[in-house]
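Take a look at the structure set out below.
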Amino acid sequence: GVLAAAWRLRWSGVKDLLVCADGLEDYAKKSGFLEEWRRTSQRRLKEVMGFLVVMLCCRWLADASNRIWDLQTRERPEIAACFSVSAIMFSAIMYIQLHIVAG
């Protein structure tokens with residue numbers, strides 16, 4: 001699937017974007033849509049951060065409810081910390097993919 005997508009992008013006229021060594025912002029500046037790119041980037045960052053907050057809050061609330069009701073399914077803090085780090089990494093990847101795929 002990745003190979004087919006890269007091949008399709010190559011033939012759709014975005015070769016400059018794929019080989020641009022300066023970065024996506026420089027490509028946007030050269031193409032004349034830097035301000036729109038920045039507004040879109042900030043909006044996507046807010047969306048991704050909101051998603052991250054929801055993920056972390058759900059996890060922490062689940063752990064807190066287990067502690068409040070003294071359930072036997074309580075997890076060690078290391079597991080919650082690993083989940084939090086994974087959620088942050090997932091959000092970073094999601095932000096990058098939104099930048100590249102959605103344009």
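Every value quoted in this text rests on a predicted model; they were computed, and no experiment measured them.
If you chain together hydrophobic residues whose side chains sit under 4.5 Å apart, Leu45 and Ile93 never meet in one group.
Taken to the nearest 0.5 Å, the OG1 atom of Thr40 stands 11.0 Å off from the CD atom of Glu35. One distance of note links CZ of Arg39 with CD of Glu36; it measures 6.0 Å at 0.5 Å rounding.
With sequence neighbours excluded, no residue forms a side-chain contact (heavy atoms from CB on, under 4.5 Å) with Ser86. By the side-chain contact (heavy atoms from CB on, under 4.5 Å) test, Gln42 pairs with no residue at all, sequence neighbours left out.
The hydrophobic cluster containing Met89, built from Ile/Leu/Val/Met/Phe/Trp/Tyr side-chain heavy atoms closer than 4.5 Å, also comprises Val85.
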Review item, side-chain donor-acceptor pairs of residues 47-58, under 3.5 Å, at least two apart:
none

